[in-house]
Amino acid sequence: MPNIERRSSPMPDHEVAPGLFGYASVDVSAGPEDGYAYALTATVEPRGGKYVVTRLVADQVEGGPPVQRGELAKISVEPLIREAAREAMQATGSDTWRPITPTGEFWDRIESGEGIIDEDLPQLAALYRWVRLQDGRPTAIMARDFKVSPATVRRWLSRAVEAGHLTQEERAK
């Protein structure tokens with residue numbers, strides 16, 4: 001599993017998406033034990049509500065192939081971005097945060113097929129922002145993980161927008 005080697009601050013104090021706090025910059029490392037041909041160090045930073053890799057260093061490991069264009073093209077940065085996003089937190093006050101973890105009741109309603117209620121909309125919005133932080137297709141990912149259609153997720157997100165927990169601009173990006 002990739003590891004965070006350096007954080008830009010001791011605590012996640014940089015707003016990476018509305019209401020979500022993480023680090024302005026994180027260095028994540030990975031290597032052959034993670035399925036890569038090289039020892040990698042990636043600098044991950046938030047841009048427009050998403051984490052992106054802004055720098056990638058690939059070093060040859062003992063007994064491994066030399067750094068070559070063909071091997072570099074095979075490097076997936078998604079696991080490195082997901083590791084950085086794992087530490088994002090939801091703001092609960094001016095100086096307080098908590099992990100982005102919807103309540104058990106939220107998951108119970110999803111799993112039972114009951115759907116979400118109005119009290120779930122802030123959690124849905126935070127979860128959407130967190131998924132979007134690491135992947136460009138949050139609606140499709142949430143539909144897959146919730147075992148519902150993308151249309152159902154879009155309806156729920158529309159309700160979150162109407163209730164003021166999410167903006168249409170966030171959904172359109």
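Residues P46 and A24 come closest through the heavy atom pair CD-O, 3.3 Å. In terms of heavy atoms, Q60 sits closest to V67 at N-CG2, 4.0 Å. Heavy atoms only, all atoms of each residue included: L56 and A42 are closest at CD1-CB, 3.8 Å. Here the closest non-hydrogen pair linking L166 and R129 is CA-NH2, 3.6 Å. Minimum heavy-atom separation, A88 to L133: CB-CD2, 4.0 Å. Shown here for E119 and P122, the closest heavy-atom pair between the two residues is O-CD, 3.5 Å.
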Item to complete: Check the pair R159 / E162 against salt bridge (charged side-chain N to carboxylate O under 4.0 Å, His left out), numbers first and verdict last.
Response: CA-CA 5 Å; R159 287 175 50 202; E162 289 170 13; over 6 Å; no
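In summary, the aromatic rings of W156 and Y128 are positioned with their centroids too far apart to meet the 6.0 Å limit.
Side chain of D135 to main chain of R132: no donor-acceptor pair is present (N/O by atom type, distance under 3.5 Å, no hydrogens or angles). Judged purely by atom type and a 3.5 angstrom limit, R7 has no side-chain atom pairing as donor or acceptor with the backbone of Y23. With hydrogens and angles disregarded, no donor-acceptor distance shorter than 3.5 Å links the side chain of D145 to the backbone of M142. Side-chain atoms of N3 do not come within 3.5 Å of backbone N or O of E5 as any donor-acceptor pair. Although no hydrogens or angles enter the test, the distance criterion places a donor-acceptor pair under 3.5 Å between the side chain of S112 and the main chain of D108. For the pair Y38 (side chain) and P66 (backbone), a donor-acceptor distance under 3.5 Å is present.
To the nearest 0.5 angstrom, S9 atom OG is 9.5 Å from H14 atom NE2. For the atom pair R82 CZ and M1 CE, the distance stands at 11.5 Å (nearest 0.5 Å). Atom CD of residue Q123 and atom CZ of residue F106 lie 6.0 Å apart, to the nearest 0.5 angstrom. Put simply, CD on E45 and OG1 on T54 are 3.5 Å apart, with the number rounded to the nearest 0.5 Å. For the atom pair NE2 of H165 and CG of D118, the computed distance is 8.0 Å after rounding to the nearest 0.5 Å. Distance check: L124 CG to L157 CG gives 5.0 Å after rounding to the nearest 0.5 Å.
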Contacts under 3.5 angstrom, residues 71-80 side chains, donor-acceptor by atom type, not counting sequence neighbours:
| residue | atom | partner | partner atom | Å |
| --- | --- | --- | --- | --- |
| E71 | OE2 | K74 | NZ | 3.1 |
| S76 | OG | E78 | OE1 | 2.7 |

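Looking only at side-chain heavy atoms (C-beta outward), L20 and W130 come within less than 4.5 Å of each other. V161 places none of its side-chain heavy atoms less than 4.5 Å from the side chain of T167. The closest side-chain heavy-atom distance from I81 to V53 is below 4.5 Å.
Side-chain contact, D27 with T43: a donor N or O sits under 3.5 Å from an acceptor N or O. In summary, the side chains of S158 and R155 do not present any donor paired with an acceptor at a separation below 3.5 Å, with no hydrogens or angles considered. There is a side-chain donor-acceptor pair under 3.5 Å between R6 and S25.
No single ILVMFWY cluster, assembled from side-chain heavy atoms under 4.5 Å apart, contains both L127 and I117.
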